[in-house]
Amino acid sequence: MTIHKLSENKSFGGWHKQYTHQSKVLNCNMRFAIYLPPQASHEKKVPVLYWLSGLTCTDENFMQKSGVQRIAAELGIAIVAADTSPRGEKVPDNEAYDLGQGAGFYVNATQPPWHRHYQMYDYVVNELPQLIEASFPVSKKRSIAGHSMGGHGALTIAMLNPARYCSVSAFSPISNPVNCPWGQKVFTTYLGNDKSTWLHHDASVLMRRATQFVPAKVDQGQADDFLIEQLRPESLEDAAKITGYPLELCFHEGYDHSYYFIASFIEDHMCFHSTYLSK
């Protein structure tokens with residue numbers, strides 16, 4: 001696959017770059033960002049952290065607001081930020097912010113007209129890593145993280161593919177989507193009315209059933225407006241107790257759902273991933 005560079009900026013001795021490529025999985029042109037730390041070279045491949053953003057976001061939010069580059073440069077970890085959905089004039093959309101473009105939810109849609117483009121699970125798990133590993137000096141050692149909708153995606157993708165990821169973390173994840181308005185709306189639209197198919201993409205359900213473990217870290221702000229109705233982290237906590245899942249769940253007084261929260265604790269998450277990526 002051919003990639004086209006849109007921009008590059010030097011940052012903490014490494015390079016932040018933005019590219020587009022034609023996605024065969026999503027049937028549209030996609031954009032991603034990558035930060036290559038100064039340790040990355042043709043002689044040395046570095047591990048990768050894949051970042052999945054939340055509703056309405058793009059590849060830019062995390063890279064511009066989190067301050068992750070400084071820590072990634074110190075630890076020698078590449079960061080790849082995917083877009084949150086397929087995009088383009090021919091890609092189905094919806095007027096609501098929580099459905100359609102910007103709201104791919106990291107699942108493979110089965111319902112028309114969404115199924116032709118909204119195959120974000122396959123894109124994140126297979127197509128994008130194959131492209132990254134073929135185009136940049138990175139290794140096959142991967143971890144995955146995300147925020148909100150992206151936290152849901154990171155947790156579910158890691159648990160469905162425990163051999164592919166060294167660790168997983170999330171900020172304010174949608175932890176039990178089958179039991180919250182965001183999840184119910186999207187799953188009905190993308191996956192249909194058979195709720196048994198929804199369970200495959202619910203982090204709390206997967207954690208309750210897990211037999212293989214990916215070390216997990218979750219941080220949640222207690223002043224988050226979406227905490228009670230949409231995020232439901234207590235479901236994750238209960239599931240981890242049932243299976244003994246290695247989950248580190250931390251609540252933080254006063255913090256909300258914003259990137260101020262992410263920027264405050266991103267160093268903790270990067271150090272957590274570094275522990276497992278360096279093994």
Side-chain angles (χ1 to χ4, degrees), residues 23-28 30 50-58 82-88 90-129 144-162 164-165 168 170 172-212 214 216 218 226 229-233 235-236 238-239:
S23 169
K24 294 181 180 179
V25 169
L26 304 179
N27 290 298
C28 67
M30 289 294 286
Y50 287 87
W51 175 266
L52 308 182
S53 287
L55 289 166
T56 74
C57 292
T58 67
D83 202 346
T84 50
S85 78
R87 297 183 192 270
K90 296 182 180 181
V91 175
D93 199 8
N94 189 280
E95 293 180 356
Y97 77 95
D98 55 356
L99 189 66
Q101 294 188 33
F105 250 79
Y106 307 104
V107 301
N108 286 341
T110 59
Q111 305 301 301
W114 311 94
H115 65 297
R116 174 169 167 75
H117 296 281
Y118 285 73
Q119 303 292 311
M120 285 298 293
Y121 176 88
D122 280 350
Y123 179 71
V124 170
V125 174
N126 296 310
E127 187 178 38
L128 183 59
I144 190 166
H147 170 231
S148 195
M149 176 185 73
H152 139 78
L155 289 168
T156 56
I157 285 172
M159 284 188 280
L160 289 168
N161 301 274
R164 289 185 64 85
Y165 301 99
V168 58
S172 316
I174 303 172
S175 299
N176 191 201
V178 301
N179 288 316
C180 81
W182 277 340
Q184 292 166 350
K185 177 179 181 178
V186 168
F187 286 175
T188 300
T189 303
Y190 293 164
L191 303 177
N193 293 319
D194 182 358
K195 294 184 179 181
S196 67
T197 65
W198 302 5
L199 302 179
H200 193 63
H201 300 285
D202 186 295
S204 295
V205 172
L206 293 174
M207 191 168 286
R208 195 176 300 120
R209 298 175 174 177
T211 57
Q212 293 179 279
V214 180
V218 172
F226 303 112
E229 184 179 29
Q230 302 283 15
L231 305 182
R232 303 178 63 88
S235 299
L236 270 186
D238 292 342

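For the single chain, residues carry numbers from 1 onward in sequence order. If you're wondering where the values come from, they're calculated on a predicted model, not measured in any experiment.
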What is the distance from atom [atom1] of [X] to atom [atom2] of [Y], rounded to the nearest 0.5 Å?
| X | Y | atom1 | atom2 | result |
| --- | --- | --- | --- | --- |
| K24 | N126 | NZ | CG | 13.5 Å |
| S23 | R87 | OG | CZ | 13.5 Å |
| L99 | E95 | CG | CD | 11.0 Å |
| N179 | S204 | CG | OG | 8.5 Å |
| L160 | H200 | CG | NE2 | 4.5 Å |
| Y118 | H115 | OH | NE2 | 13.5 Å |

Candidate pair L155 and L236, rule side chain to side chain contact (heavy atoms under 4.5 Å, CB included), full reasoning
CA-CA 10 Å; L155 289 168; L236 270 186; 3.9 Å; yes
Which pairs, with at least one residue in residues 97-114 and sequence neighbours excluded, count as a side chain to side chain donor-acceptor pair (under 3.5 Å)?
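Qualifying pairs: Y97-W182, D98-K185, N108-D122.
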Check for a donor-acceptor pair, side chain of [X] on one end and backbone N or O of [Y] on the other, with a separation under 3.5 Å.
| X | Y | answer |
| --- | --- | --- |
| W198 | N193 | no |
| H152 | F105 | yes |
| R232 | C180 | no |
| D202 | V178 | yes |

Quick one: closest heavy-atom pair of [X] and [Y], and the distance?
| X | Y | value |
| --- | --- | --- |
| P86 | C28 | CB-SG, 3.6 Å |
| S85 | G102 | OG-N, 2.7 Å |
| A170 | G151 | CB-CA, 3.7 Å |
| A154 | A145 | CB-C, 3.6 Å |
| N176 | S235 | OD1-OG, 3.3 Å |
| A203 | M159 | O-CE, 3.3 Å |

Is any side-chain heavy atom of I174 closer than 4.5 Å to one of F226?
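Side-chain contact under 4.5 Å: no.
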Using side chain to side chain contact (heavy atoms under 4.5 Å, CB included), reason through M120 and L26 one step at a time and then give a plain yes or no.
CA-CA 7 Å; M120 285 298 293; L26 304 179; 3.8 Å; yes
Decide side chain to side chain contact (heavy atoms under 4.5 Å, CB included) for H201 and L191; before the verdict, give the C-alpha distance in whole Å, the side-chain angles of both, and the deciding distance to 0.1 Å.
CA-CA 10 Å; H201 300 285; L191 303 177; 4.0 Å; yes
Step-by-step side chain to side chain contact (heavy atoms under 4.5 Å, CB included) determination, Y50 to V124:
CA-CA 9 Å; Y50 287 87; V124 170; 5.7 Å; no
Show your reasoning for whether side chain to side chain donor-acceptor pair (under 3.5 Å) applies to Y121 and N161.
CA-CA 11 Å; Y121 176 88; N161 301 274; 2.9 Å; yes
Please list every donor-acceptor pair under 3.5 Å in which a side-chain atom of residues 51-58 meets a protein atom from a residue at least two apart or in another chain.
residue : atom : partner : partner atom : Å
W51     : NE1  : S53     : OG           : 3.0
T58     : OG1  : E60     : N            : 3.0

